[in-house]
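Here the structure comes first, spelled out in structure tokens, and everything after it is commentary.
Note that the coordinates shown come from a computational prediction; the quantities given were computed from them, not determined experimentally. Because only heavy atoms are used, hydrogens play no part in the values below, and waters and symmetry mates are left out as well, while side chains stay in.
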Amino acid sequence: MFPKSTLILFATLLTVFSPADALWPQPRNLQTGSTALRLSGGFEITISGSVHNAPSDLHAAVLSTQNFVKTDKLGRLVVGRGSVDAQVVSKAKSLSKLTLSLSQGATAHSITSEAQKAIEDRDEAYTLTVPSDGSGATLTASSTLGLYRGLTTFSQLVYYNDGTTYILNAPIHIQDSPAYPYRGFMLDTSRSFFPVSDIKRTLDAMSWVKINQFHWHVVDSQSFPLEVPGFTDLASKAAYDSSSVYSPSDVADIVSYAGARGIDVMVEIDTPGHTSAISKAHPEHIACAEATPWATFANEPPAGQLRLASSETTQYTAGLLAAVAKMFPSTLFSTGGDELNTNCYAADANTQEDLVSTGQTLEQALNVFTQTTHKAIIAEGKTPVVWEEMVLVHNVTLESDTLVLVWISSDDVKAVAEKGFKLIHAASDYFYLDCGGGGWVGANPDGNSWCDPFKTWQKSYSFDPTANLTDAEAKLVMGGQHLLWTEQSGPQNLDPIVWPRAASSAELFWSGPGGNISEALPRLHDVAYRMRQRGVQAISLQPEWCALRPGVCDLTA
């Protein structure tokens, strides 16, 4: 039996962590009251007649949100679950509708087209109001993308108990918009293949926490599962098998599915390294293909990288990237550029002959390769995205609007910013989901993963995106993302290794840094429980006993 002081503490905590405070990411401006509202049996979400020619994906978003309201059936995470609310809810007024409208003068473009704009042109702001008297709730925005974000927030306000769906803490007024325009998640589908259904489920979960960028690391040295028009021999010869291929129709399906959920898809074709798989179809373009010992020629097996000093290989690569660019409507295209192995080129007779015949150094040849391949995607309307080595290690000329993914260490952010490039946080010391799983290379019983330890949600949540940056440099930060490299992941563990950890960066880059971990934990429990209600197998962050008693399992409790 609890002593009286503990019961008082429980009551205090339940007041502090109110349902409206379970929203994730936390709205940047949130006002709440203390009145309960029951959702009427005929509750509906409608689009105002002022939204002329509302697009089909907005109608679909409304239907999806109405379905979540009816089927989530999430009991509030308190001792006794939703039963503790029964008395107050039984006397509550009914809420019968939520009405969506666009700001005066705004045009109703599709959610998809709004999501696929250049990152700094996306308008995700919204205003959500739920009165306490039972009169209709309203959601307004200047774009359909903003309306979609507001619908996501509304669905998180709703709880269920004993046949009743309800909202607490009305009146609720939210004015919200993201702190950073890029909030991403990267999935590697080369080392392990993921069916389209897994990617779609991941996109669903991303949308529920307002992640807006899917970074698709679709190919690598291990396999080439992307079927590219004009280059179909790559997938036919370098995929794991004929069932482990993404066809152009699969790509279109994924891009469309993502867009309707407010998510843009940035493809990555990593070059010139991480390209061994291409040798299965075109050995003439790959230096040291599957050479051994692999550790001499690559960071992981199999070895092999594009013969960047070859004009034929450079033109082949430019053509491949242009063809891939045509498959993706995003303004962003990642050409990679990480982990180039110079030993490979030193040992490759073809590369050495090309360097001698042109009178170039390897770095000069890399510069020509990069400029040529980047021109090919720029001609398709794309902005290049590269890994940090292309700025900090190699002497290449990049377009001024190139975005840089900082991955090796968060300590490298300052150096990238000093060079004047816009950047995306993807540091392994904060945002790698695969760290801490032990070593995956064989015959190494005491090995650990190179980026040990395991990166907890608290670790990423505590990150400061502008640490050590000047005000001018801070403006170069576009946002950040979690990343899943799949040496030890596949469809079997996709959900639990990603969720709810990846939600921590979603809030960090939506709400801004400086969030309180103890106050965030109850809300993140809510994310995980709601995800499981919707079919995403997010892991538990604590025993349920702790989840139902916010703060009681803190070390200081």
Side-chain angles (χ1 to χ4, degrees), residues 11-12 14-51 54 58 61-78 80-104 106 125-142 146-177 522-523 526 530:
T12 302
L14 294 180
T15 300
V16 171
F17 299 111
S18 60
D21 291 335
L23 300 176
W24 195 283
Q26 183 82 325
R28 300 179 74 198
N29 187 311
L30 170 65
Q31 301 170 37
T32 62
S34 57
T35 301
L37 292 171
R38 290 181 293 112
L39 269 63
S40 67
F43 175 81
E44 63 176 345
I45 303 174
T46 62
I47 302 172
S48 168
S50 63
V51 183
L58 180 60
V62 166
L63 291 175
S64 177
T65 305
Q66 285 192 160
N67 184 60
F68 288 146
V69 167
K70 291 179 181 178
T71 63
D72 273 0
K73 295 185 177 180
L74 178 64
R76 196 155 67 87
L77 299 184
V78 294
R81 302 299 294 269
S83 63
V84 301
D85 302 323
Q87 184 174 1
V88 67
V89 169
S90 68
K91 301 174 183 178
K93 294 179 179 179
S94 293
L95 178 67
S96 61
K97 64 179 179 179
L98 167 65
T99 302
L100 278 59
S101 61
L102 286 174
S103 305
Q104 187 173 1
Y126 66 91
T127 300
L128 175 62
T129 301
V130 182
S132 60
D133 60 3
S135 59
T138 59
L139 172 59
T140 61
S142 297
L147 292 177
Y148 184 78
R149 300 298 182 224
L151 285 170
T152 300
T153 298
F154 182 83
S155 73
Q156 294 177 339
L157 291 170
V158 176
Y159 291 91
Y160 177 87
N161 180 64
D162 194 25
T164 301
T165 304
Y166 60 95
I167 293 173
L168 296 178
N169 302 105
I172 299 168
H173 183 72
I174 296 170
Q175 285 184 295
D176 202 11
S177 62
R523 293 187 294 109
D526 208 271
R530 198 175 292 274

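- Side-chain atoms of D72 never come within 3.5 Å of backbone atoms of L74 as a donor-acceptor pair (strictly under, hydrogens ignored).
- Here the shortest heavy-atom pairing between L23 and I174 reads CD1-CD1, 3.7 Å.
- Residues satisfying the salt bridge (Lys or Arg N to Asp or Glu O under 4.0 Å) test with R81, not counting sequence neighbours, are E544.
- Under the ring-ring contact (aromatic ring centres under 6.0 Å, His included) criterion, F154 pairs with F43, not counting sequence neighbours.
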_Stepwise side chain to side chain contact (heavy atoms under 4.5 Å, CB included) test for V158 and I167_ = CA-CA 5 Å; V158 176; I167 293 173; 4.1 Å; yes

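- Side chain of T129 to backbone of A137: no donor-acceptor contact under 3.5 angstrom is found.
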*asked:* Go through it in stages, so that I can follow the logic: the residues are L58 and L100, the test is side chain to side chain contact (heavy atoms under 4.5 Å, CB included), and I'd like the CA-CA distance, side-chain angles, deciding distance and then a yes or no.
replied: CA-CA 10 Å; L58 180 60; L100 278 59; 4.2 Å; yes

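- Annotation for L168 and V89: closest pair CD2-CG2, 4.4 Å, computed over non-hydrogen atoms.
- Residues satisfying the salt bridge (Lys or Arg N to Asp or Glu O under 4.0 Å) test with D176, not counting sequence neighbours, are none.
- Separation of atoms OG (S94) and CG (L37) is listed at 8.5 Å; rounding is to 0.5 Å.
- Atom-to-atom distance recorded for K93:NZ and S132:OG is 7.0 Å, nearest 0.5 angstrom.
- Counted within 6.0 Å of CG on D162, heavy atoms from surrounding residues, nucleotides or ligands total 12 or fewer; the atom is thus considered open.
- A pairwise comparison of heavy atoms in I45 and V62 identifies O-CG1, 3.3 Å as the closest pair.
- Note that CD of E44 is 11.0 Å distant from CG of L63, once rounded to the nearest 0.5 Å.
- Within the 4.5 Å cutoff, side-chain heavy atoms of L30 are placed close to those of I172.
- Counting all heavy atoms, side chain and backbone alike, A86 lies closest to N161 at CB-ND2, 4.1 Å.
- Smallest separation of non-hydrogen atoms from L95 and S135: CD1-O, 3.4 Å.
- Taking each heavy atom of A106 and L102 in turn, the nearest pair found is CB-CB, 4.0 Å.
- Looking at L157 and L128, their side chains come closer than 4.5 Å, going by heavy atoms from C-beta outward.
- T165 has its side chain out of reach of K73: every pair of non-hydrogen atoms, C-beta onward, lies at least 4.5 Å apart.
- Between the side chain of S48 and the backbone N or O of S50, at least one donor-acceptor pair lies under 3.5 Å.
- Using modelled atom types, one side-chain atom of N169 and one backbone atom of G33 make a donor-acceptor pair closer than 3.5 Å.
- Summarising the geometry, atom OG belonging to S83 is positioned 10.0 Å from atom CZ belonging to R76; distances are rounded to the nearest 0.5 Å.
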*Would you sort out whether D85 and Y159 count as a side chain to side chain donor-acceptor pair (under 3.5 Å), showing the intermediate values?*
CA-CA 10 Å; D85 302 323; Y159 291 91; over 6 Å; no

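- Atom NE2 of residue H173 and atom CG of residue N29 lie 6.5 Å apart, to the nearest 0.5 angstrom.
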*asked:* Show, in sequence, the C-alpha distance, side-chain angles and deciding distance for L139 and Y126, and conclude whether the side chain to side chain contact (heavy atoms under 4.5 Å, CB included) test is met.
replied: CA-CA 7 Å; L139 172 59; Y126 66 91; 3.8 Å; yes

